[in-house]
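First comes the structure, then the notes that go with it.
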Amino acid sequence: MPDADAAAIERAYRESSGRAVATLVRIFGDIDLAEEAVQEAFAVAAERWPASGVPPNPGGWIVTTARNKALDRLRRESSRFGRETEATRIQAGFGPPEEVGPVQDDRLRLIFTCCHPALAPEAQLALTLRLIAGLQTPEIARAFLAPEATIAQRLVRAKRKIRAAGIPYRVPRDAELHDRLPYVLAVVYLIFNEGYTASAGADLIRAELCAEAIRLARLLAELMPDEPEVLGLLALLLLTGARSAARTGPGGSLVLLADQDRSRWDQAMIAEGQDLVRACLRRNRPGPYQLQAAISAVHSDAAAAADTDWAQILALYDQLAAIAPTPVVALNRVVAVAEVRGPGPALEAADQLGLDGYHLFHATRADLLRRLGRRDDAAAAYDAAIARTANGAERAFLTRRRDSL
(Lines give C-alpha, C1' and ligand atoms only; values in the text may rest on other atoms or scores of the structure.)
Protein backbone atom coordinates (compact mmCIF):
# COMPACT_ATOMS: atom_id res chain seq x y z
CA MET A 1 0.00 0.00 0.00
CA PRO A 2 1.47 3.44 -0.94
CA ASP A 3 2.45 5.60 2.00
CA ALA A 4 -0.18 8.22 1.11
CA ASP A 5 -2.97 5.62 1.22
CA ALA A 6 -1.71 4.20 4.50
CA ALA A 7 -1.57 7.71 5.98
CA ALA A 8 -5.14 8.43 4.83
CA ILE A 9 -6.44 5.25 6.46
CA GLU A 10 -4.52 5.96 9.66
CA ARG A 11 -5.89 9.50 9.74
CA ALA A 12 -9.43 8.22 9.16
CA TYR A 13 -8.99 5.71 11.98
CA ARG A 14 -7.79 8.35 14.38
CA GLU A 15 -10.53 10.79 13.45
CA SER A 16 -13.48 8.44 12.90
CA SER A 17 -13.14 5.17 14.82
CA GLY A 18 -14.54 6.53 18.10
CA ARG A 19 -17.57 8.08 16.40
CA ALA A 20 -18.18 4.93 14.37
CA VAL A 21 -18.03 2.64 17.42
CA ALA A 22 -20.30 4.94 19.43
CA THR A 23 -22.83 5.09 16.58
CA LEU A 24 -22.91 1.31 16.17
CA VAL A 25 -23.20 0.71 19.90
CA ARG A 26 -26.27 2.96 19.92
CA ILE A 27 -27.78 1.10 16.94
CA PHE A 28 -26.98 -2.48 17.92
CA GLY A 29 -26.38 -2.32 21.68
CA ASP A 30 -23.34 -4.58 21.50
CA ILE A 31 -19.79 -3.35 22.13
CA ASP A 32 -18.03 -6.36 20.63
CA LEU A 33 -20.20 -6.29 17.51
CA ALA A 34 -19.57 -2.56 17.07
CA GLU A 35 -15.79 -2.85 17.54
CA GLU A 36 -15.44 -5.83 15.21
CA ALA A 37 -17.60 -4.24 12.51
CA VAL A 38 -15.56 -1.03 12.59
CA GLN A 39 -12.32 -3.02 12.37
CA GLU A 40 -13.73 -4.91 9.37
CA ALA A 41 -14.72 -1.62 7.74
CA PHE A 42 -11.15 -0.32 8.02
CA ALA A 43 -9.86 -3.60 6.58
CA VAL A 44 -12.13 -3.04 3.57
CA ALA A 45 -10.87 0.53 3.31
CA ALA A 46 -7.28 -0.75 3.20
CA GLU A 47 -8.26 -2.94 0.23
CA ARG A 48 -10.41 -0.47 -1.72
CA TRP A 49 -9.13 3.04 -1.11
CA PRO A 50 -5.75 2.58 -2.85
CA ALA A 51 -7.62 1.70 -6.04
CA SER A 52 -10.78 3.81 -5.80
CA GLY A 53 -9.39 6.76 -3.88
CA VAL A 54 -10.28 8.13 -0.45
CA PRO A 55 -14.01 8.97 -0.33
CA PRO A 56 -15.06 12.59 0.22
CA ASN A 57 -16.39 11.72 3.69
CA PRO A 58 -14.13 8.95 5.06
CA GLY A 59 -15.86 8.88 8.44
CA GLY A 60 -19.31 8.48 6.93
CA TRP A 61 -18.01 5.74 4.62
CA ILE A 62 -16.61 3.85 7.62
CA VAL A 63 -19.87 4.12 9.58
CA THR A 64 -21.95 2.92 6.62
CA THR A 65 -19.59 0.03 5.83
CA ALA A 66 -19.35 -0.99 9.48
CA ARG A 67 -23.14 -0.90 9.83
CA ASN A 68 -23.48 -3.21 6.82
CA LYS A 69 -20.82 -5.55 8.24
CA ALA A 70 -22.72 -5.71 11.53
CA LEU A 71 -25.97 -6.47 9.71
CA ASP A 72 -24.24 -9.25 7.76
CA ARG A 73 -23.04 -10.79 11.00
CA LEU A 74 -26.52 -10.59 12.54
CA ARG A 75 -27.99 -12.35 9.50
CA ARG A 76 -25.41 -15.12 9.83
CA GLU A 77 -26.41 -15.53 13.45
CA SER A 78 -30.13 -15.31 12.71
CA SER A 79 -30.72 -18.61 14.45
CA ARG A 80 -30.47 -16.72 17.69
CA PHE A 81 -33.88 -15.70 18.96
CA GLY A 82 -35.04 -12.40 17.58
CA ARG A 83 -31.84 -11.53 15.76
CA GLU A 84 -33.25 -11.84 12.26
CA THR A 85 -36.26 -9.71 13.04
CA GLU A 86 -34.08 -7.05 14.66
CA ALA A 87 -31.66 -7.06 11.73
CA THR A 88 -34.56 -6.64 9.31
CA ARG A 89 -35.89 -3.71 11.34
CA ILE A 90 -32.53 -1.98 11.37
CA GLN A 91 -31.92 -2.61 7.66
CA ALA A 92 -35.29 -1.07 6.88
CA GLY A 93 -34.21 2.06 8.69
CA PHE A 94 -36.08 1.44 11.94
CA GLY A 95 -33.27 1.15 14.47
CA PRO A 96 -33.76 0.80 18.19
CA PRO A 97 -36.01 3.59 19.48
CA GLU A 98 -34.11 6.72 20.40
CA GLU A 99 -34.23 7.45 24.09
CA VAL A 100 -34.98 11.04 24.97
CA GLY A 101 -32.60 12.16 27.69
CA PRO A 102 -30.09 14.78 28.74
CA VAL A 103 -27.21 13.46 26.59
CA GLN A 104 -27.78 13.41 22.83
CA ASP A 105 -24.19 13.03 21.59
CA ASP A 106 -23.36 9.38 20.79
CA ARG A 107 -19.82 9.49 22.13
CA LEU A 108 -20.74 11.27 25.34
CA ARG A 109 -23.61 8.82 25.83
CA LEU A 110 -21.21 5.91 25.44
CA ILE A 111 -18.78 7.45 27.91
CA PHE A 112 -21.53 7.71 30.52
CA THR A 113 -22.62 4.16 29.73
CA CYS A 114 -19.12 2.72 30.18
CA CYS A 115 -18.61 4.68 33.39
CA HIS A 116 -21.14 2.43 35.14
CA PRO A 117 -20.63 1.81 38.89
CA ALA A 118 -20.78 -1.95 38.30
CA LEU A 119 -17.36 -1.68 36.64
CA ALA A 120 -14.15 -1.01 38.52
CA PRO A 121 -12.94 2.58 38.01
CA GLU A 122 -9.78 1.45 36.22
CA ALA A 123 -11.85 -0.70 33.87
CA GLN A 124 -14.23 2.17 33.16
CA LEU A 125 -11.39 4.44 32.11
CA ALA A 126 -9.56 1.80 30.06
CA LEU A 127 -12.68 0.66 28.21
CA THR A 128 -13.80 4.17 27.36
CA LEU A 129 -10.36 5.16 26.09
CA ARG A 130 -10.43 2.06 23.90
CA LEU A 131 -13.88 2.76 22.48
CA ILE A 132 -13.99 6.54 22.26
CA ALA A 133 -10.37 7.50 21.59
CA GLY A 134 -9.53 4.36 19.62
CA LEU A 135 -6.43 3.83 21.75
CA GLN A 136 -4.75 0.45 21.51
CA THR A 137 -3.78 -1.60 24.56
CA PRO A 138 -0.12 -0.43 24.62
CA GLU A 139 -1.21 3.22 24.48
CA ILE A 140 -3.70 2.75 27.32
CA ALA A 141 -1.05 0.92 29.34
CA ARG A 142 1.30 3.90 28.98
CA ALA A 143 -1.48 6.29 30.03
CA PHE A 144 -2.00 4.28 33.23
CA LEU A 145 1.69 3.44 33.77
CA ALA A 146 0.56 -0.21 33.90
CA PRO A 147 1.65 -3.43 32.16
CA GLU A 148 -0.06 -4.19 28.84
CA ALA A 149 -1.27 -7.58 30.13
CA THR A 150 -3.05 -5.86 33.02
CA ILE A 151 -4.85 -3.46 30.69
CA ALA A 152 -5.83 -6.28 28.31
CA GLN A 153 -7.39 -8.18 31.22
CA ARG A 154 -9.29 -5.09 32.34
CA LEU A 155 -10.77 -4.62 28.87
CA VAL A 156 -11.88 -8.23 28.57
CA ARG A 157 -13.38 -8.26 32.07
CA ALA A 158 -15.19 -4.97 31.53
CA LYS A 159 -16.89 -6.16 28.35
CA ARG A 160 -17.76 -9.47 30.00
CA LYS A 161 -19.22 -7.63 32.99
CA ILE A 162 -21.39 -5.45 30.75
CA ARG A 163 -22.82 -8.53 29.07
CA ALA A 164 -23.24 -10.61 32.22
CA ALA A 165 -24.78 -7.81 34.30
CA GLY A 166 -27.03 -6.69 31.47
CA ILE A 167 -25.83 -3.09 31.79
CA PRO A 168 -28.16 -1.09 29.54
CA TYR A 169 -26.90 1.10 26.73
CA ARG A 170 -28.87 4.13 27.74
CA VAL A 171 -28.42 7.61 29.04
CA PRO A 172 -28.29 7.57 32.85
CA ARG A 173 -30.89 9.57 34.74
CA ASP A 174 -30.03 12.95 36.20
CA ALA A 175 -29.19 11.54 39.64
CA GLU A 176 -26.84 8.97 38.11
CA LEU A 177 -25.05 11.57 36.02
CA HIS A 178 -23.47 13.13 39.09
CA ASP A 179 -22.35 9.75 40.45
CA ARG A 180 -20.54 8.94 37.20
CA LEU A 181 -19.18 12.44 36.61
CA PRO A 182 -15.70 11.99 38.20
CA TYR A 183 -14.94 9.07 35.89
CA VAL A 184 -16.36 10.83 32.84
CA LEU A 185 -14.16 13.85 33.56
CA ALA A 186 -11.15 11.58 33.96
CA VAL A 187 -11.83 9.97 30.57
CA VAL A 188 -12.10 13.32 28.78
CA TYR A 189 -8.91 14.48 30.53
CA LEU A 190 -7.01 11.36 29.45
CA ILE A 191 -8.26 11.69 25.86
CA PHE A 192 -6.88 15.24 25.79
CA ASN A 193 -3.56 14.15 27.31
CA GLU A 194 -3.12 11.48 24.65
CA GLY A 195 -3.78 14.12 22.01
CA TYR A 196 -1.52 16.75 23.57
CA THR A 197 1.42 14.37 23.87
CA ALA A 198 0.87 11.16 21.92
CA SER A 199 2.12 8.08 23.74
CA ALA A 200 3.54 6.63 20.52
CA GLY A 201 4.24 7.51 16.90
CA ALA A 202 6.30 10.14 15.13
CA ASP A 203 4.10 13.15 15.90
CA LEU A 204 4.04 14.93 19.22
CA ILE A 205 0.40 16.01 18.98
CA ARG A 206 -2.77 14.24 17.86
CA ALA A 207 -4.85 17.33 17.14
CA GLU A 208 -8.06 15.40 16.51
CA LEU A 209 -8.05 13.98 20.05
CA CYS A 210 -7.41 17.41 21.59
CA ALA A 211 -10.32 18.84 19.60
CA GLU A 212 -12.57 15.92 20.54
CA ALA A 213 -11.77 16.26 24.24
CA ILE A 214 -12.55 19.98 24.16
CA ARG A 215 -15.78 19.28 22.29
CA LEU A 216 -16.83 16.72 24.90
CA ALA A 217 -15.88 19.09 27.72
CA ARG A 218 -18.08 21.78 26.16
CA LEU A 219 -20.99 19.34 25.98
CA LEU A 220 -20.48 18.48 29.65
CA ALA A 221 -20.43 22.19 30.54
CA GLU A 222 -23.76 22.62 28.75
CA LEU A 223 -25.17 19.54 30.46
CA MET A 224 -23.91 20.43 33.97
CA PRO A 225 -23.27 24.19 34.08
CA ASP A 226 -23.40 24.25 37.89
CA GLU A 227 -20.56 21.73 38.37
CA PRO A 228 -17.34 23.67 39.07
CA GLU A 229 -15.11 20.72 38.16
CA VAL A 230 -16.75 20.50 34.73
CA LEU A 231 -15.97 24.16 34.12
CA GLY A 232 -12.50 23.63 35.56
CA LEU A 233 -11.80 20.80 33.13
CA LEU A 234 -12.97 22.84 30.15
CA ALA A 235 -10.81 25.76 31.32
CA LEU A 236 -7.80 23.48 31.73
CA LEU A 237 -8.16 22.01 28.24
CA LEU A 238 -8.60 25.43 26.65
CA LEU A 239 -5.64 27.03 28.44
CA THR A 240 -3.40 24.05 27.71
CA GLY A 241 -4.61 23.55 24.16
CA ALA A 242 -3.99 27.23 23.43
CA ARG A 243 -0.24 26.48 23.39
CA SER A 244 -0.45 23.70 20.79
CA ALA A 245 0.80 25.70 17.81
CA ALA A 246 3.90 26.80 19.74
CA ARG A 247 4.78 23.33 21.08
CA THR A 248 6.42 22.15 17.88
CA GLY A 249 9.20 23.64 15.78
CA PRO A 250 10.64 22.76 12.36
CA GLY A 251 9.98 19.16 11.42
CA GLY A 252 7.60 18.70 14.35
CA SER A 253 10.35 18.99 16.98
CA LEU A 254 9.29 19.47 20.59
CA VAL A 255 9.55 22.99 22.06
CA LEU A 256 9.49 23.33 25.85
CA LEU A 257 7.12 25.78 27.53
CA ALA A 258 9.99 28.11 28.50
CA ASP A 259 11.18 28.31 24.89
CA GLN A 260 7.83 28.74 23.15
CA ASP A 261 6.95 31.75 21.00
CA ARG A 262 4.04 33.00 23.07
CA SER A 263 2.74 35.14 20.22
CA ARG A 264 1.61 31.84 18.68
CA TRP A 265 -0.60 30.98 21.65
CA ASP A 266 -4.33 31.12 20.86
CA GLN A 267 -5.47 34.25 22.67
CA ALA A 268 -9.19 33.53 22.21
CA MET A 269 -8.84 30.16 23.93
CA ILE A 270 -6.80 31.76 26.71
CA ALA A 271 -9.40 34.47 27.29
CA GLU A 272 -12.20 31.92 27.45
CA GLY A 273 -10.21 29.68 29.78
CA GLN A 274 -9.34 32.54 32.11
CA ASP A 275 -13.00 33.61 32.27
CA LEU A 276 -13.91 30.07 33.30
CA VAL A 277 -11.18 30.04 35.97
CA ARG A 278 -12.54 33.28 37.42
CA ALA A 279 -16.05 31.78 37.43
CA CYS A 280 -14.71 28.76 39.33
CA LEU A 281 -12.96 30.99 41.87
CA ARG A 282 -16.25 32.78 42.58
CA ARG A 283 -17.88 29.43 43.42
CA ASN A 284 -15.16 28.68 46.01
CA ARG A 285 -15.45 24.89 45.64
CA PRO A 286 -11.90 24.02 44.52
CA GLY A 287 -11.17 20.67 42.90
CA PRO A 288 -8.26 19.08 41.02
CA TYR A 289 -9.25 20.28 37.55
CA GLN A 290 -9.94 23.81 38.74
CA LEU A 291 -6.54 24.00 40.44
CA GLN A 292 -4.76 22.68 37.36
CA ALA A 293 -6.65 25.25 35.29
CA ALA A 294 -5.55 27.98 37.71
CA ILE A 295 -1.93 26.86 37.27
CA SER A 296 -2.31 27.04 33.48
CA ALA A 297 -3.90 30.49 33.85
CA VAL A 298 -0.83 31.74 35.75
CA HIS A 299 1.39 30.50 32.91
CA SER A 300 -0.85 32.23 30.36
CA ASP A 301 -0.58 35.53 32.28
CA ALA A 302 3.19 35.71 31.69
CA ALA A 303 4.19 37.56 28.53
CA ALA A 304 7.57 35.82 28.71
CA ALA A 305 8.80 32.75 30.56
CA ALA A 306 10.92 34.94 32.85
CA ASP A 307 7.77 36.72 34.03
CA THR A 308 6.10 33.54 35.31
CA ASP A 309 4.90 33.79 38.92
CA TRP A 310 6.43 30.49 40.07
CA ALA A 311 5.70 31.20 43.74
CA GLN A 312 1.98 31.31 42.98
CA ILE A 313 2.26 28.16 40.87
CA LEU A 314 4.02 26.34 43.72
CA ALA A 315 1.31 27.46 46.16
CA LEU A 316 -1.35 26.09 43.80
CA TYR A 317 0.56 22.81 43.47
CA ASP A 318 0.65 22.56 47.26
CA GLN A 319 -3.15 22.85 47.29
CA LEU A 320 -3.46 20.33 44.46
CA ALA A 321 -1.17 17.85 46.22
CA ALA A 322 -3.32 18.14 49.35
CA ILE A 323 -6.52 17.07 47.57
CA ALA A 324 -5.02 14.88 44.80
CA PRO A 325 -1.84 13.36 46.26
CA THR A 326 -0.75 11.40 43.20
CA PRO A 327 2.88 10.76 42.17
CA VAL A 328 2.37 12.62 38.88
CA VAL A 329 1.08 15.71 40.71
CA ALA A 330 4.12 15.47 43.00
CA LEU A 331 6.41 15.28 39.95
CA ASN A 332 4.81 18.36 38.38
CA ARG A 333 5.26 20.16 41.70
CA VAL A 334 8.97 19.33 41.55
CA VAL A 335 9.29 21.58 38.48
CA ALA A 336 7.86 24.51 40.44
CA VAL A 337 10.12 23.71 43.41
CA ALA A 338 13.14 23.92 41.11
CA GLU A 339 12.14 27.40 39.95
CA VAL A 340 11.41 28.71 43.45
CA ARG A 341 13.97 26.91 45.64
CA GLY A 342 16.53 25.63 43.17
CA PRO A 343 17.40 22.30 41.50
CA GLY A 344 18.92 20.76 44.65
CA PRO A 345 15.74 20.71 46.79
CA ALA A 346 13.76 19.74 43.67
CA LEU A 347 16.01 16.72 43.05
CA GLU A 348 15.61 15.62 46.67
CA ALA A 349 11.83 15.76 46.26
CA ALA A 350 11.96 13.92 42.93
CA ASP A 351 14.07 11.10 44.31
CA GLN A 352 11.32 10.28 46.81
CA LEU A 353 8.85 9.44 44.01
CA GLY A 354 8.33 5.88 42.81
CA LEU A 355 7.93 6.60 39.12
CA ASP A 356 10.72 4.54 37.55
CA GLY A 357 8.51 3.46 34.63
CA TYR A 358 7.51 7.03 33.72
CA HIS A 359 9.73 8.71 31.16
CA LEU A 360 8.95 12.24 32.36
CA PHE A 361 10.23 11.34 35.82
CA HIS A 362 13.64 10.51 34.36
CA ALA A 363 13.52 13.52 32.01
CA THR A 364 12.83 15.81 34.98
CA ARG A 365 15.68 14.28 36.98
CA ALA A 366 17.99 14.62 33.97
CA ASP A 367 17.25 18.34 33.69
CA LEU A 368 17.81 18.88 37.41
CA LEU A 369 21.08 16.94 37.33
CA ARG A 370 22.20 18.94 34.29
CA ARG A 371 21.51 22.19 36.15
CA LEU A 372 23.53 20.88 39.08
CA GLY A 373 26.51 20.14 36.80
CA ARG A 374 26.29 16.35 37.30
CA ARG A 375 26.71 15.51 33.62
CA ASP A 376 27.30 11.76 33.85
CA ASP A 377 24.26 11.29 36.07
CA ALA A 378 22.22 13.53 33.78
CA ALA A 379 23.24 11.48 30.72
CA ALA A 380 22.17 8.27 32.48
CA ALA A 381 18.82 9.84 33.38
CA TYR A 382 18.30 10.98 29.78
CA ASP A 383 19.03 7.45 28.59
CA ALA A 384 16.43 6.10 31.03
CA ALA A 385 13.87 8.60 29.74
CA ILE A 386 14.62 7.79 26.10
CA ALA A 387 14.18 4.07 26.78
CA ARG A 388 10.74 4.66 28.30
CA THR A 389 9.02 6.78 25.63
CA ALA A 390 7.65 5.60 22.29
CA ASN A 391 6.96 9.09 20.96
CA GLY A 392 9.39 10.02 18.20
CA ALA A 393 9.39 13.77 18.90
CA GLU A 394 10.09 13.21 22.59
CA ARG A 395 12.86 10.72 21.87
CA ALA A 396 14.52 13.12 19.45
CA PHE A 397 14.31 16.00 21.95
CA LEU A 398 15.72 13.92 24.82
CA THR A 399 18.50 12.60 22.59
CA ARG A 400 19.49 16.16 21.63
CA ARG A 401 19.53 17.14 25.30
CA ARG A 402 21.68 14.17 26.21
CA ASP A 403 24.09 14.79 23.35
CA SER A 404 24.41 18.45 24.30
CA LEU A 405 26.03 17.39 27.56
Side-chain angles (χ1 to χ4, degrees), residues 10-22 24-25 31-32 34-36 38-39 42 107-108 110-116 118-163 167 180 182-214 216-217 233 237 326-329 331 354-361 385 387-395:
E10 181 181 0
R11 183 168 58 252
Y13 182 83
R14 289 185 170 190
E15 295 175 354
S16 307
S17 63
R19 178 170 67 89
V21 169
L24 265 67
V25 168
I31 287 178
D32 284 330
E35 273 201 292
E36 290 167 9
V38 170
Q39 293 292 339
F42 278 102
R107 279 167 283 188
L108 194 57
L110 183 55
I111 289 175
F112 272 108
T113 299
C114 290
C115 291
H116 191 282
L119 302 178
E122 298 85 356
Q124 295 177 22
L125 298 178
L127 181 60
T128 316
L129 287 174
R130 177 78 182 91
L131 299 178
I132 298 298
L135 300 191
Q136 302 303 308
T137 301
E139 295 172 316
I140 299 172
R142 281 188 285 270
F144 283 99
L145 305 180
E148 290 183 27
T150 300
I151 296 300
Q153 289 175 352
R154 286 179 190 171
L155 292 171
V156 170
R157 289 171 182 167
K159 293 178 187 178
R160 187 181 301 150
K161 179 77 172 182
I162 287 175
R163 287 194 299 269
I167 293 175
R180 302 187 195 185
Y183 305 107
V184 172
L185 294 178
V187 164
V188 176
Y189 179 66
L190 288 172
I191 290 172
F192 181 86
N193 282 352
E194 175 62 26
Y196 197 65
T197 305
S199 59
D203 298 329
L204 180 68
I205 297 172
R206 293 179 60 179
E208 78 285 351
L209 285 185
C210 291
E212 175 65 2
I214 292 173
L216 292 169
L233 177 64
L237 303 193
T326 69
V328 173
V329 167
L331 179 63
L355 287 170
D356 183 67
Y358 189 34
H359 73 285
L360 290 180
F361 166 71
R388 287 163 174 78
T389 180
N391 180 276
E394 285 190 313
R395 289 176 65 90

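Index from 1, following the sequence.
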(request) Would you give the length of the straight line joining atom CZ of Arg130 to atom CD1 of Ile31, rounded to the nearest 0.5 angstrom? (result) 11.0 Å
(request) Find the distance between CD1 (Ile205) and OH (Tyr196) and round it off to the nearest 0.5 Å. (result) 6.5 Å
(request) Please name the pair of heavy atoms, one in Leu204 and one in Asn391, separated by the smallest distance, quoted to 0.1 Å. (result) CA-ND2, 3.8 Å
(request) Report the C-alpha distance between Leu127 and Ile162 in whole Å, list the side-chain angles of each, state the deciding distance to 0.1 Å, and finish with yes or no for side-chain contact (heavy atoms from CB on, under 4.5 Å). (result) CA-CA 11 Å; Leu127 181 60; Ile162 287 175; 3.7 Å; yes
(request) Taking all heavy atoms of Leu190 and all of Phe144, pick out the closest pair and write down the distance. (result) CD1-CZ, 4.2 Å
(request) Using the side-chain contact (heavy atoms from CB on, under 4.5 Å) rule, take Thr128 and Leu110 through it: C-alpha gap first, then chi angles, then the decisive distance, then the call. (result) CA-CA 8 Å; Thr128 316; Leu110 183 55; over 6 Å; no
(request) Might you point out which heavy atoms bring Gly195 and Cys210 nearest each other, and give the distance in Å? (result) C-SG, 3.3 Å
(message) Distance check, rounded to the nearest 0.5 Å: Glu122 atom CD versus Arg157 atom CZ?
(response) 11.5 Å
(message) To the closest 0.5 Å, what do you measure between CD1 (Ile191) and CD1 (Ile111)?
(response) 5.0 Å
(request) Evaluate the side-chain proximity of Val328 to Tyr358: yes if any heavy-atom separation is below 4.5 Å, no if none is. (result) yes
(message) Donor-acceptor pair, distance only, cut-off 3.5 Å: does the side chain of Arg206 make one with the backbone of Ser199?
(response) no
(request) Determine yes or no for a side-chain-to-main-chain donor-acceptor pair under 3.5 angstrom, with Gln124 supplying the side chain and Leu119 the backbone. (result) yes
(message) As an exercise, state the distance from CG of Leu155 to CD of Gln136, rounded to the nearest 0.5 Å.
(response) 10.0 Å
(message) With heavy-atom distances below 4.5 Å as the criterion, would you say the side chains of Thr113 and Val25 are in contact?
(response) no
(message) Using every non-hydrogen atom in the two residues, find where Val187 and Cys115 come nearest and quote the distance to one decimal.
(response) CG2-SG, 4.2 Å
(message) What I'd like to find out is whether the side chain of Leu360 reaches to under 4.5 Å of the side chain of Glu394, using heavy atoms alone.
(response) yes
(message) Please find the pair of heavy atoms, one from Ala213 and one from Leu237, that lie closest to each other, and give the distance.
(response) O-CD1, 3.8 Å
(request) Of all the heavy-atom pairs spanning Thr137 and Glu148, show the shortest one and how long it is. (result) CG2-O, 3.6 Å
(request) Could you tell me the separation between the CG atom of Leu24 and the CG atom of Leu131, rounded to the nearest 0.5 Å? (result) 12.0 Å
(request) For the pair Arg107 (side chain) and Ile132 (backbone), establish whether a donor and an acceptor sit closer than 3.5 Å, ignoring hydrogens and angles. (result) no
(request) Could you walk me through whether Gln39 and Tyr13 pass side-chain contact (heavy atoms from CB on, under 4.5 Å), step by step? (result) CA-CA 9 Å; Gln39 293 292 339; Tyr13 182 83; 3.7 Å; yes
